[in-house]
Amino acid sequence: MSGQSDSGNSGGGGSRTHRDTAQVDMPMAPPQRTGPVGARGSTPVPPKPALTGPVPLPADGRSDASPMVRTVERHLDEILGAVPQPDPIELAVLDAQGLLCAEDVVSSRALPAFDQAALEGYAARAEDVATASVRRPVELAVVGESVAGVDVPAAIGPGLALKVSAGAMLPAGADVVVPAVWTDRGAARVAVQAGPPAGSYVRRTGDDVAPGDPAVQVGTPIGPAQISLLAAVGRERVLVRPRPRVVVLSAGTELVDVSATPAPGQVVDVNSYALAAAARDAGADAYRSGILPADPRRLAEVLESQLLRSDLVLISGTVASGGFDVVQEALAQLGEMRFRQVAMHPGPAQGFGQLGRDDIPVICVPGEPVAALVSFEVFVRPAIRLMLGKRQLFRRTVQAISGQQLLSPLGYRQYLHGTVMRHPDGGYVVEPVGEATDALLARMARANCLIVIDEDVTEVAAGGLVTVMPLLLGG
């Protein structure tokens, strides 16, 4: 089997039939390509430079060719099938902002609670002002004024009007509000210069919500508008899906805290900061617990205590070859942890288990910071969103034109940091940030997307289509 894609598969996943973590939901017409994409009979592609990423998989290049290597989907399915959805909790409405409603809130009130003016003007009878015009205004006697929060005369009769402010109660008999700008704004008598039809600029009792109507339904994200409606129907508290509690830990004898000056051979623990920030951006209540201790007894105590306070534990730095074995041993004493190779790059070494008396999910990702954040996007972020009750677990993706040739190791799904921009002629153009094998924080910080290349694609020519996952904050 050739490692080069054919023209129908150059986009890094457009023809896949299995569930992908980067599904295209904004298709666009393929642009004019500027170079070959490996189609049979096309112009020969220049020799590819050597790859320094993962070793291509054996046999026919499939990611399941080796029993020790599993697909991204299979590892993700195991995680999503195990993470719990925390029981709903009741919160004050302001504290519920950003969460999903977990109950059907039914209004016991009518909104508005009384007939009211929609704007400043004069409450009147529509039949009295029907013939009004600028040349032949209709004059009405003004019998008083109604402002918000103050009672009004019981009724008005023919030839009468009541001056009203926006939100003020309307008297019985009034079926229209004439805007003040359509009058001479008279105090004792008012000249009406245009007559709106009956019902204009009037909010009738229950027009918005009637008693028994649903106000906010299960699964609705609670934002400012929902909080406004909940307050209007008299709800001070509401049942919601809580934010999952995610504890973030880093493992490695070489790690020092950010406040320390690293000695030769030591590195600053950036993962606990980066992963905690990523978890918060995904919607979790994240707690950065920092570096795990090297002492086995103290290590076990820390892990046990974190399992008691969390819905999910995220640990970086426990799965690399020749890694921090004492952590793996401590985890194994708390339950079954499975460390596997996943057909992805960067970060093929992944771990997952359910530990402690409550079977708390524990996700282990590589210690290399770029691989750790890529692993978070692929595995941890969907798990957090599932725990939040979200329907859309994965980031939305777009198809983009690659600005340059992209290479990928056969049998591995490649995730490259890149910058995606709108093309002046429509669609998107993407450029990788640095080389595929680079793991540099400064370059990652300049990226605004991940470029996703499927396992059976080793090359995308400049001008070819690729799947791009924009890394929008809170998206």
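Along the sequence shown, residues are numbered consecutively beginning with 1. Bear in mind the structure is a predicted one, so any value in this text is a computation, not a measurement.
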(request) Please step through side-chain contact (heavy atoms from CB on, under 4.5 Å) for the pair Ile227 and Ile222, ending with a clear verdict. (result) CA-CA 7 Å; Ile227 289 174; Ile222 296 179; 3.7 Å; yes
(message) Before you tell me yes or no, could you show the steps for Val248 and Val313 under side-chain contact (heavy atoms from CB on, under 4.5 Å), namely the whole-Å CA-CA distance, both residues' side-chain angles and the distance that decides it to 0.1 Å?
(response) CA-CA 6 Å; Val248 180; Val313 174; over 6 Å; no
(message) I'd like to know whether Arg241 forms a salt bridge (charged side-chain N to carboxylate O under 4.0 Å, His left out) with Glu103, so could you lay out the CA-CA distance, the side-chain angles of the two residues, the decisive distance to 0.1 Å, and finally the verdict.
(response) CA-CA 10 Å; Arg241 292 284 182 188; Glu103 63 171 311; over 6 Å; no
(request) Please report the closest heavy-atom contact between Ser402 and Ala461, naming both atoms and the distance. (result) CB-O, 4.3 Å
(message) I need the Leu450 CG to Tyr415 OH distance, nearest 0.5 Å.
(response) 8.5 Å
(message) Do Leu111 and Leu229 make a side-chain contact, defined as non-hydrogen atoms from C-beta onward lying under 4.5 Å apart?
(response) yes
(message) Whether the side chain of Ser146 engages the backbone of Met169 through a donor-acceptor N/O pair (distance < 3.5 Å, no angle test) should be reported.
(response) yes
(request) Give, for atom OG of Ser107 and atom CZ of Arg235, the distance between the pair rounded to the nearest 0.5 Å. (result) 10.5 Å
(request) Output yes when a side-chain donor or acceptor of Glu304 lies under 3.5 Å from a complementary backbone atom of Glu301, and no otherwise. (result) no
(request) Just do the salt bridge (charged side-chain N to carboxylate O under 4.0 Å, His left out) check on Glu78 and Arg74 with the steps written out, would you? (result) CA-CA 6 Å; Glu78 181 181 2; Arg74 186 177 174 189; over 6 Å; no
(request) Salt-bridge test for Asp115 and Arg204: reply yes if a basic N is under 4.0 Å from a carboxylate O, no otherwise. (result) yes
(request) Keeping the roles fixed (side chain from Arg422, backbone from Tyr428), state whether a donor-acceptor pair exists under 3.5 Å. (result) no
(message) Using every non-hydrogen atom in the two residues, find where Gln399 and Thr467 come nearest and quote the distance to one decimal.
(response) NE2-OG1, 2.8 Å
(request) Indicate whether the side chain of Gln405 and that of Glu459 have a donor and an acceptor atom separated by less than 3.5 Å. (result) yes
(message) Using a 3.5 Å distance criterion without hydrogens, assess whether the side chain of Asp295 forms a donor-acceptor pair with backbone atoms of Arg298.
(response) yes
(message) Side chains of Arg245 and Ser310: any donor to acceptor distance under 3.5 Å?
(response) no
(message) Working to the nearest 0.5 angstrom, can you tell me the gap between Leu275 CG and Leu249 CG?
(response) 10.5 Å
(request) Take Leu312 and Ile363 through the side-chain contact (heavy atoms from CB on, under 4.5 Å) test and state the conclusion after the steps. (result) CA-CA 8 Å; Leu312 185 149; Ile363 301 176; 4.1 Å; yes
(message) Determine whether Ser375 and Gln350 satisfy the following criterion, side-chain hydrogen bond (donor to acceptor under 3.5 Å, both in side chains), listing intermediate values before the conclusion.
(response) CA-CA 8 Å; Ser375 300; Gln350 301 287 332; 2.8 Å; yes
(message) Using every non-hydrogen atom in the two residues, find where Leu471 and Arg395 come nearest and quote the distance to one decimal.
(response) CD2-NE, 3.8 Å
(message) Salt bridge check, Arg413 against Glu73: does any charged N sit closer than 4.0 Å to a carboxylate O?
(response) yes
(request) Grab the two heavy atoms, one from Arg203 and one from Asp207, that are nearest each other, plus how far apart they are. (result) C-OD2, 3.8 Å
(message) I'd like to know if the side chain of Arg288 and the backbone of Ala274 have a donor-acceptor N/O pair within less than 3.5 Å.
(response) no
(request) Mind listing the closest non-hydrogen atom pair of Ala349 and Gln341 along with its distance? (result) CB-NE2, 3.7 Å
(message) Counting C-beta onward and ignoring hydrogens, is there a side-chain heavy-atom pair between Val72 and Val342 closer than 4.5 Å?
(response) yes
(request) Check whether any side-chain N or O of Arg243 sits under 3.5 Å from a backbone N or O of Asp285 as a donor-acceptor pair, and report yes or no. (result) no
(message) Between Asp311 and Val83, is there a side-chain heavy-atom distance shorter than 4.5 Å?
(response) no
(request) Go through Val267 and Val256 one step at a time and tell me if the side-chain contact (heavy atoms from CB on, under 4.5 Å) criterion holds. (result) CA-CA 6 Å; Val267 294; Val256 296; over 6 Å; no
(message) Within the structure provided, determine whether Leu410 and Val457 are in side-chain contact (heavy-atom separation under 4.5 Å).
(response) no
(request) Spell out, as yes or no, whether a donor-acceptor pair under 3.5 Å connects the side chain of Gln306 to the backbone of Leu308. (result) no
(request) Please examine the side chains of Pro432 and Ile451, heavy atoms only from C-beta on, and report whether any two atoms are closer than 4.5 Å. (result) yes
(request) Evaluate the side-chain proximity of Cys364 to Phe352: yes if any heavy-atom separation is below 4.5 Å, no if none is. (result) no
(message) Going by side-chain contact (heavy atoms from CB on, under 4.5 Å), Cys449 matches just one of Thr419, Val420, Thr397, Val433. Which one?
(response) Val420
(request) Can you measure from CD (Gln116) to OG (Ser165) and round to the nearest 0.5 angstrom? (result) 10.0 Å
(message) Are Val177 and Leu119 packed together at the side-chain level, in the sense that at least one heavy-atom pair is separated by less than 4.5 angstrom?
(response) yes
(message) With side-chain hydrogen bond (donor to acceptor under 3.5 Å, both in side chains) as the criterion, how do Gln226 and Thr220 come out once you've worked through the C-alpha distance, each side chain's angles and the decisive distance to 0.1 Å?
(response) CA-CA 9 Å; Gln226 288 72 34; Thr220 302; over 6 Å; no
(request) Measure the spacing between CD1 of Ile453 and CG of Leu406 and express it to the nearest 0.5 Å. (result) 4.5 Å
(request) Measure across Pro242 and Pro86 and return the closest heavy-atom pair with its distance rounded to 0.1 Å. (result) CG-CB, 3.7 Å
(request) Please round to the nearest 0.5 Å and tell me the distance separating atom CD of Gln85 and atom CG of Leu100. (result) 9.5 Å
(message) Testing the 3.5 Å rule here: is there a donor-acceptor pair between the side chains of Ser250 and Asp269?
(response) yes
(request) Apply the test ring-ring contact (aromatic ring centres under 6.0 Å, His included) to residues His75 and Phe379: give CA-CA distance (whole Å), side-chain angles for both, the deciding distance (0.1 Å), then the verdict. (result) CA-CA 8 Å; His75 190 65; Phe379 301 118; 4.8 Å; yes
(request) Report yes if some heavy atom in the side chain of Pro244 is under 4.5 Å from a heavy atom in the side chain of Leu388; otherwise report no. (result) yes
